[in-house]
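Presented below is the structure to which this report refers.
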There are 2 protein chains.
Amino acid sequence: MPLAPLFRPIDVAPAYQKVADAIEREIVNGRIKPGDPIGTEHDLVRQFGVNRSTIREGIRVLEEGGLIRRDSSRRLHACLPRYSKLASRLSRALVLHEVTFRELYEASMTLEVASIEGAVERASEENVAELADNLSRSEAVVGDPAALAECDAEFHVLVAKASQNRVLQLAREPAAQLFYPTTEMIVTGVVEGGPRLVAAHRHLIDAIRRRDREAGVLWTRRHLQDWRRGFEKIASLDRSVEHMYMEHAQAARRR
Amino acid sequence: MPLAPLFRPIDVAPAYQKVADAIEREIVNGRIKPGDPIGTEHDLVRQFGVNRSTIREGIRVLEEGGLIRRDSSRRLHACLPRYSKLASRLSRALVLHEVTFRELYEASMTLEVASIEGAVERASEENVAELADNLSRSEAVVGDPAALAECDAEFHVLVAKASQNRVLQLAREPAAQLFYPTTEMIVTGVVEGGPRLVAAHRHLIDAIRRRDREAGVLWTRRHLQDWRRGFEKIASLDRSVEHMYMEHAQAARRR
DNA sequence: TCTGTCCCTTTGTCCGACAAAGTTAGAGTG
DNA sequence: CACTCTAACTTTGTCGGACAAAGGGACAGA
């Protein structure tokens, strides 16, 4: 018979973790605002009363979490975590969990449709201008699969941004990051892939301009179905996302 | 006239970063599989030829990223990043970016509807059993707002799990983590809140069992609209998510 | 089989040190 | 006076070594 639970586990976090938690608390509580300087390592040594090595381990944790950064002169600042950096963590996790392209496709269908709906409803002049700019750059590189794939990724980031919904923006990013490398393969492999992609973007911008929700959803669906058809010419949707795709995400994270 | 680009920028990452990157590469490439032991710190010191402090800083980075863990005996293992841990990073970011409850609501509407659609289509016997178990536990604590809110959060995690789409599962988690604390407030503040919540869950399980997509979507919408109505009695949807909510996420992360 | 003990390894923490890069202040120059 | 250049000073990244606490393993004894 197991013993009755008389005692609770004691909280024995190592010192570096406590340092990280303490600083994190100040940031998420808002007592330290994004942009505010954290002291130097030596300051923190004095304040926490632990060794510099310990402080440094705590700092690494926060740095990796995106809560603090070092500016050009390597001084520590609190900062707003950047979506693309956080999302690349998630992309990495999805790869390791060996999610299939089908899961990616299905989730993206939902997320991209939601994005365009938001964009159609709420896009600002500036959002539309950014999208138009992206379109003209896409048209210029329609023959260059790598450049076009990059434009495509940016286009959808801009659509999500135009939705004015940052939760959605963040939620769609991990899946989108995994899409990006495949787009290049598909545009390369499918004749007419490039022009169709650009045409879809044109229709999408048009739909946003006219605030035509139906058209927006329709063209988003078509755009993704095009991707799917192209992909299925190369591989099965039930294949899991492969490790090699991570290279892109890793490069993106470092920026 | 600018000089022709004769040289590429040199990679001048600090040593601890290189250590972290090198280990990360082995993991995402699949050469180190989840569960495989990484060596001891001393091993790594020998392999990389840098000081132990440097190794330790690199390890902190990977640990925070969820790529490696220490088991009970503190030995290092590669591991699959856990969704809830990663999601709490995102929740934290959303709080710091001061997203509004409206954004949260809108995104969740999309994500939870997509989850239920997937669940209706693909839920396994086991998924349904888990949901049923959750329901009976919810019924037992219908008078306890905190416990009920916790059950509600778990319920929706289980629905997403039943969708068999891990991308969706991951995408919905950050927003859901921010919902959780409010549910408790709402159930406390609104008469009939608890019973309505449980009733909605019952209908949702029923819809999944009958593979009735329409009913599933309908009840998910109602469920979220209930939340919204309850929330608007307390505060405006345009209020931004507040810092205090992070406490939950911070506690969740440490698990 | 269980327990207690001894020994070895590993981790968490500390101390002190130093080179490289950045910062600041002051001298020198036009 | 504005400007540049240089010489301290500070801060970070890395190193070497140190030690206590905790874990793991082997082994003897009940």
Side-chain angles (χ1 to χ4, degrees), chain A residues 1-3 7-24 26-27 32 35-79 253-255, chain B residues 7 9-24 26-27 32 35-79 253-255:
Chain A
M1 190 199 302
L3 272 150
F7 299 110
R8 297 275 121 237
I10 311 173
D11 179 22
V12 282
Y16 71 88
Q17 187 70 53
K18 289 187 178 173
V19 167
D21 285 350
I23 298 176
E24 167 177 347
E26 295 306 293
I27 294 176
I32 300 178
D36 287 359
I38 317 288
T40 67
E41 295 179 1
H42 191 58
D43 289 338
L44 296 174
V45 166
R46 273 198 301 268
Q47 293 182 52
F48 286 103
V50 297
N51 192 271
R52 190 158 77 99
S53 308
T54 306
I55 293 290
R56 283 175 64 82
E57 289 188 34
I59 286 174
R60 293 297 159 240
V61 171
L62 296 171
E63 237 174 6
E64 176 69 4
L67 277 184
I68 67 179
R69 309 180 67 168
R70 312 196 94 108
D71 64 9
S72 61
S73 75
R74 302 191 195 165
R75 259 195 265 276
L76 293 170
H77 290 276
C79 71
R253 186 146 17 90
R254 202 154 349 279
R255 267 176 235 138
Chain B
F7 300 109
I10 310 173
D11 180 21
V12 284
Y16 71 88
Q17 187 70 54
K18 288 187 179 173
V19 168
D21 285 351
I23 298 176
E24 168 177 346
E26 295 307 292
I27 294 176
I32 299 178
D36 287 359
I38 317 290
T40 66
E41 295 179 0
H42 192 58
D43 289 337
L44 296 174
V45 166
R46 273 198 303 268
Q47 292 182 52
F48 286 102
V50 298
N51 191 273
R52 191 159 76 99
S53 309
T54 307
I55 294 288
R56 284 175 64 83
E57 288 187 34
I59 286 174
R60 293 299 157 238
V61 172
L62 295 172
E63 238 173 5
E64 175 70 4
L67 278 183
I68 68 179
R69 308 180 69 172
R70 311 195 95 109
D71 65 9
S72 61
S73 76
R74 304 191 190 163
R75 261 192 265 278
L76 293 169
H77 290 276
C79 72
R253 185 147 19 88
R254 204 158 343 283
R255 271 175 233 139

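Lettering of chains follows the sequences in order, A, B, ..., and the numbering in each one begins at 1. Heavy-atom basis, side chains included; hydrogens, waters and symmetry copies ignored. It should be emphasised that the depicted structure is a prediction, and the values quoted were computed from it without experimental measurement.
- Atom pair B/H77:NE2 and C/dT11:P shows a separation of 11 Å (rounding to whole Å applied).
- Checked options B/L76, B/T54, B/I38; the residue passing with B/I59 is B/L76 (criterion: side-chain contact (heavy atoms from CB on, under 4.5 Å)).
- Residues passing the side-chain contact (heavy atoms from CB on, under 4.5 Å) test with A/P37, sequence neighbours excluded: A/H77.
- In this structure, B/I68 places its CD1 atom 13 Å from C1' of C/dT11, rounding to the nearest Å.
- For the side-chain contact (heavy atoms from CB on, under 4.5 Å) with A/L62, the qualifying choice from A/V19, A/I27, A/I68, A/D21 is A/I68, the only one to do so.
- The nearest whole Å value for the distance from the CG atom in B/D71 to the P atom in D/dA22 is 17 Å.
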Which pairs, protein N/O on one side and nucleotides 20-23 of chain C N/O on the other, fall under 3.5 Å?
| from | atom 1 | to | atom 2 | distance (Å) |
| --- | --- | --- | --- | --- |
| C/dT23 | OP1 | A/S73 | OG | 3.4 |

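- Salt-bridge formation is detected for the pair A/E63/A/R60: a Lys NZ or Arg NE/NH1/NH2 atom is positioned less than 4.0 Å from an Asp or Glu carboxylate oxygen.
- Taking B/R46 as the reference, B/H42, B/D43 meet the side chain to side chain donor-acceptor pair (under 3.5 Å) condition, with sequence neighbours excluded.
- Within the model, atoms CD of B/E57 and CD of A/E64 stand 13.0 Å from one another, a figure rounded to the nearest 0.5 Å.
- The distance between atom OH of A/Y16 and atom P of C/dT11, rounded to the nearest whole Å, is 11 Å.
- Considering every non-hydrogen atom in both A/C79 and A/R69, the closest pair reads SG-CG, 2.9 Å.
- Of the residues in residues 54-63 of chain A, those lying under 4.0 Å from DNA chain D by heavy-atom distance are A/R56, A/R60.
- Nearest approach of A/G58 to A/A20, heavy atoms of both residues: O-CB, 3.8 Å.
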Every protein N/O lying under 3.5 Å from an N/O of nucleotides 17-20 of chain D:
| from | atom 1 | to | atom 2 | distance (Å) |
| --- | --- | --- | --- | --- |
| D/dA18 | N6 | B/R52 | NH2 | 3.3 |

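- Applying the side chain to side chain donor-acceptor pair (under 3.5 Å) rule to B/D36 yields no partners; only residues at least two apart in sequence or on another chain are considered.
- Protein atom CG of B/L76 is 14 Å distant from nucleotide atom C1' of C/dT9, rounded to whole Å.
- Partners of A/R52 under the side-chain contact (heavy atoms from CB on, under 4.5 Å) rule, at least two apart in sequence or in another chain, are A/E41, A/V45, A/R56.
- Note that CD1 of B/I23 is 6.5 Å distant from CD1 of B/I55, once rounded to the nearest 0.5 Å.
- Looking at residues 37-45 of chain B, you'll see B/T40, B/E41 sit with a heavy atom under 4.0 Å from some atom of DNA chain C.
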